[in-house]
Amino acid sequence: MTVLHVRDFEIHPGYFSSVAQEQLVARLRECLEQAPLFQPVTPRGTPMSVRMSAAGQYGWISDRKGYRYEARHPSGQEWPPIPDALMTMWQDLVPDARLPECCLINWYDEAAKMGMHQDKDEADLSQPVVSVSLGDEALFRMGNQTRGGKTESVWLRSGDVVVMAGTARRAYHGIDRVRPQSSTLLPKGGRINLTLRVVT
Ligand code: MD3
Ligand code: FE
């Protein structure tokens, strides 16, 4: 299979076949019955445009009290287990890493975006993050270890997987926009991004 390297980001275009994507979406629908999508607010109280949920031992939460990982959904329920297909993908792509403890589920409608940020709420930043894109295409921007400087952008398509290890793990990154109606995977459109993380 093809692998593209952009800086230290490792991109696997079309890692999941369309059949595998359909199966994964069906499993995610089951996860979201137990742990429905919710709209996080920043600590300052601004609603984020992305809706979120999670699977695994921990989910990432943002609310007036701050950013953190929590063992339960805001409803008080435990998060559902991470789907097997994602655990298998992790072991295929990052066999030396610890097992993921969180699969963050981000849902984007056509207006959603995610500003440039670093992911550093995890205890061990030497562990990789692996992301899966499903549904409409999104413009992913990769920056540097510190805010500002030159950036590079790539369109992520349904079925693509990105591995963030090494210097990419600490790089600023974001989603500038979603291209509406660029995929037929999700009947109502939109984009799902899954990120698998080691939290503790
Ligand atoms: C680089 N998600 O959930 S995926 C996030 O498409 C997040 O929803 C975006 O940024 C999305 O935090 C981008 C690619 C990605 C995910 C996690 C990373 C890049 C990363 C963690 C560290 C460095
Ligand atoms: Fe991120």
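Quick note: numbers below take in every heavy atom, side chains included, and nothing from hydrogens, waters or symmetry partners. Atoms within a ligand are numbered from 1 in the order they appear, just like the ligands themselves.
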Original post:
If only atom types and distance count, is the side chain of Asp160 paired as donor or acceptor with the main-chain N or O of Gly14 below 3.5 Å?
Top reply: yes

**OP:** May I ask you to decide whether Asp121 forms a salt bridge with Arg68, counting only side-chain N to carboxylate O separations under 4.0 Å?
**Re:** no

Original post:
For ligand 1, is any non-hydrogen atom under 4.0 Å from Arg197's backbone (N, CA, C, O), its side chain (CB onward), both, or neither?
Top reply: side chain

Original post:
Under 4.0 Å between a Lys/Arg side-chain N and an Asp/Glu carboxylate O for Asp176 and Arg141?
Top reply: yes

**OP:** Kindly say whether Leu37 contributes a backbone atom to a donor-acceptor pair with the side chain of Ser53 at under 3.5 angstrom?
**Re:** no

Original post:
So, do Phe38 and His73 have ring centers that fall under 6.0 Å from each other?
Top reply: yes

Original post:
Is the NZ or CZ atom of Arg179 positioned over Trp155's six-membered ring, under 6.0 angstrom from the centre and within 45° of the axis?
Top reply: yes

Original post:
Relative to ligand 1, is Ala138 under 4.0 angstrom through side chain, backbone, both or neither, heavy atoms considered?
Top reply: neither

Subject >> Heavy atom of the protein closest to atom 23 (C) of ligand 1 (residue, atom name, distance) >> reply: Ala168 O, 3.2 Å

Original post:
Which ligand 1 atoms, with their elements, are less than 4.0 angstrom from a heavy-atom of Ser131?
Top reply: 4 (S), 14 (C)

Original post:
Could Glu152 and Arg7 be called an ion pair, given the rule that one side-chain N must be under 4.0 Å from one carboxylate O?
Top reply: yes

Original post:
Applying a 4.0 Å heavy-atom criterion (strictly less than), which segment of Leu156 is in contact with ligand 1: side chain, backbone, both, or neither?
Top reply: neither

**OP:** To 10°, measure the NE2(His173)-the Fe ion (ligand 2)-OD1(Asp119) angle for me.
**Re:** 90°

Original post:
Which bit of His117 is near ligand 1, meaning a heavy atom under 4.0 Å away: side chain, backbone, both or neither?
Top reply: side chain

Original post:
With a 4.0 Å cut-off on heavy atoms, is Val162 touching ligand 1?
Top reply: no

Original post:
Who's the nearest protein heavy-atom neighbour of atom 17 (C) of ligand 1, and how far?
Top reply: Val129 CG1, 3.5 Å

Original post:
Among all protein non-hydrogen atoms, which one is nearest to atom 13 (C) of ligand 1, and what is the separation to 0.1 Å?
Top reply: Phe140 CE1, 3.9 Å

Original post:
Hey, would you say the Tyr58 and Trp79 ring centroids sit under 6.0 Å apart?
Top reply: no

Original post:
Any ion pair linking Glu122 and Arg169 (charged N to carboxylate O, less than 4.0 Å)?
Top reply: yes

Subject >> Shortest protein contact, atom 15 (C) of ligand 1 (heavy atom only) >> reply: Met164 CE, 3.4 Å

Subject >> Under-4.0 Å heavy-atom contact with ligand 1, by part of Arg191 that carries it >> reply: side chain

Original post:
So is Tyr108 close enough to ligand 1, meaning a heavy atom under 4.0 angstrom away?
Top reply: yes

Original post:
Out of curiosity, is Gln118 lining ligand 1, as in a heavy atom under 4.0 Å away?
Top reply: no

**OP:** Among all protein heavy atoms, pick the one closest to atom 16 (C) of ligand 1 and tell me residue, atom and distance.
**Re:** Thr195 CG2, 3.5 Å

